[in-house]
Protein chains: 2
Amino acid sequence: MKVRDKLIYTAARLFHRHGYNSTGINQIIEEAEIAKGSFYYNFKSKEDLCIAYLEFRHTYWFTKLRQYVKKHAGESSEVLCAFDFLVSMNELENFRGCSFLNILSELNENDSKILEVIRSHKSDLRDYIKTLVSPGISDHVYLLFESSIIESQLFKDQWPIIKSKNIVQSLIN
Amino acid sequence: MKVRDKLIYTAARLFHRHGYNSTGINQIIEEAEIAKGSFYYNFKSKEDLCIAYLEFRHTYWFTKLRQYVKKHAGESSEVLCAFDFLVSMNELENFRGCSFLNILSELNENDSKILEVIRSHKSDLRDYIKTLVSPGISDHVYLLFESSIIESQLFKDQWPIIKSKNIVQSLIN
DNA sequence: TCAATATTAGACAGACTTGTCTAATCAAAT
DNA sequence: ATTTGATTAGACAAGTCTGTCTAATATTGA
């Protein structure tokens, strides 16, 4: 695996687990077993790494979501599968919540570049949901989708997703 | 004003603006114009201050919410007033989002005390909404309420609140 | 008045942070 | 085979962080 990718994967794991500000460069390079010089050869700053991490996470997450929906599309409608995907991700990642919103809370006014990446991700999600349901309810579904992620992280319980899924089911019928 | 309160108010302002991990004790005591010894006389640690801050914020926020709803109850139904309250808070606090969820994202596994305070606040909110609407839709409203706060923070725009309010209006009719 | 409580300024410890730099080594491509 | 690009270990700077401690001073209640 390439050094750059190893750093991004390690950062992904640590950012997701301990948060952005609580994870130091030294910890990342130590766990990735990469020299500090190589880190700054590949990234010009920690912010630069953060953006690369979010872009990686964006691709990873969306790819998994699309695959999941496509794979389970026979069982129920696509939009309901999207909620099942959230359940499976919570199981996989132990209720860590949304990588993008987790970082959003740690931003100060100067991090406008990172904020733009986060907004872009959520806009893409909003657009994706538009392709799954009729236009009249798509933002409604988007808002429930977002709540599902955050509230299940908070309570470490799947009930917000199940609840949201049931609401959406009644909406599309 | 008491030293302890001055520290909590200053911490509230700084935590809300720059986040928990990005705000240092030295910055808090400097802006509060309090000696460091007094800080550690009143709080045994930064985590201790954080809990006091969240408890203060809980009382402050809920008091404002109840007052707002009571004051505007004549104009429309109470639950819709609660969404208007969110709009007014965004204007007052410049779209800083939810103090509790902002801190949630910065927690690591050791901060279980803080997590409990956050959960308690959200459980109280969920219970409060139960008193405003019929049982069948209260979690639905709660989830939209939460989305409203986070998404308006993300997009620095009131549309998620307006959208949620309209949905709730159609639910209660 | 006197004793307990509270606050002060500031030094200090020990650990952490991001980022720079050196000097040597390795890999790959021409 | 030599040049270019990539990586290495690690020291270092300059700053931050939380928390402790001292020793003097203020405030407060009995």
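Just so you know, these numbers use all the heavy atoms, side chains as well, and skip hydrogens, waters and symmetry mates. Quick note on labels: first sequence line is chain A, next is B, and so on, each numbered from 1.
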Nearest-Å distance for atom pair CD1/C1', residues B:Ile34 and C:dG10: 16 Å
Treating primed atoms plus P, OP1 and OP2 as sugar-phosphate and everything else as base, which nucleotides of nucleotides 19-30 of chain D get B, S or - for protein heavy atoms under 4.0 Å? BB----------
Could you give the CD1-to-C1' distance, from A:Ile29 to C:dT17, as a whole number of Å? 12 Å
What contact category does A:Ser22 fall into here, base, sugar-phosphate, or nothing, at under 4.0 angstrom with non-hydrogen atoms? nothing
In whole angstrom, give the distance that lies between atom CG of A:Leu49 and atom C1' of C:dT17. 15 Å
Whole-Å gap separating P (C:dT7) and CD (B:Glu33): 15 Å
Give the table of side-chain donor-acceptor pairs shorter than 3.5 Å for residues 145-163 of chain B, with sequence neighbours excluded, one pair per line with atom names and distance.
| from | atom 1 | to | atom 2 | distance (Å) |
| --- | --- | --- | --- | --- |
| B:Glu146 | OE1 | B:Lys122 | NZ | 3.2 |
| B:Glu146 | OE2 | B:Lys122 | NZ | 3.0 |
| B:Ser147 | OG | A:Leu143 | O | 2.2 |
| B:Ser147 | OG | A:Ser147 | N | 3.4 |
| B:Ser147 | OG | A:Ser147 | OG | 2.9 |
| B:Ser148 | OG | B:Leu144 | O | 2.7 |
| B:Ser148 | OG | B:Ser164 | OG | 2.9 |
| B:Glu151 | OE1 | A:Tyr142 | OH | 2.5 |
| B:Ser152 | OG | B:Asn90 | ND2 | 3.0 |
| B:Ser152 | OG | B:Ser148 | O | 2.7 |
| B:Ser152 | OG | B:Ile149 | O | 3.1 |
| B:Gln153 | NE2 | B:Arg96 | O | 3.1 |
| B:Gln153 | NE2 | B:Asn102 | OD1 | 3.3 |
| B:Asp157 | OD1 | B:Trp159 | N | 2.8 |
| B:Gln158 | OE1 | B:Asn90 | ND2 | 3.1 |
| B:Gln158 | NE2 | B:Val87 | O | 3.2 |

Check the pair A:His18 / A:Thr23 against side-chain hydrogen bond (donor to acceptor under 3.5 Å, both in side chains), numbers first and verdict last. CA-CA 6 Å; A:His18 305 296; A:Thr23 304; over 6 Å; no
Return no unless some side-chain N or O of B:Asn21 is found under 4.0 Å from OP1 or OP2 of C:dT17. no
Separation of C:dT5 P from B:Asn42 CG (nearest whole Å): 14 Å
Under 6.0 Å between ring centres: does that hold for A:Phe56 and A:Tyr9? yes
How long is the line joining NZ of B:Lys2 and C1' of C:dT7, in whole Å? 14 Å
Any side-chain donor near an acceptor of the partner, B:Asp124 and B:His58, under 3.5 Å: yes
Pairs of donor and acceptor atoms involving the side chains of residues 130-137 of chain B, under 3.5 Å and at least two apart or interchain, shall be tabulated with distances.
| from | atom 1 | to | atom 2 | distance (Å) |
| --- | --- | --- | --- | --- |
| B:Thr131 | OG1 | B:Tyr128 | O | 2.5 |

Is any side-chain heavy atom of A:His121 less than 4.5 Å from a side-chain heavy atom of A:Arg57? no
Write down the distance between CZ (A:Arg4) and P (D:dT7), rounded to a whole number of angstrom. 11 Å
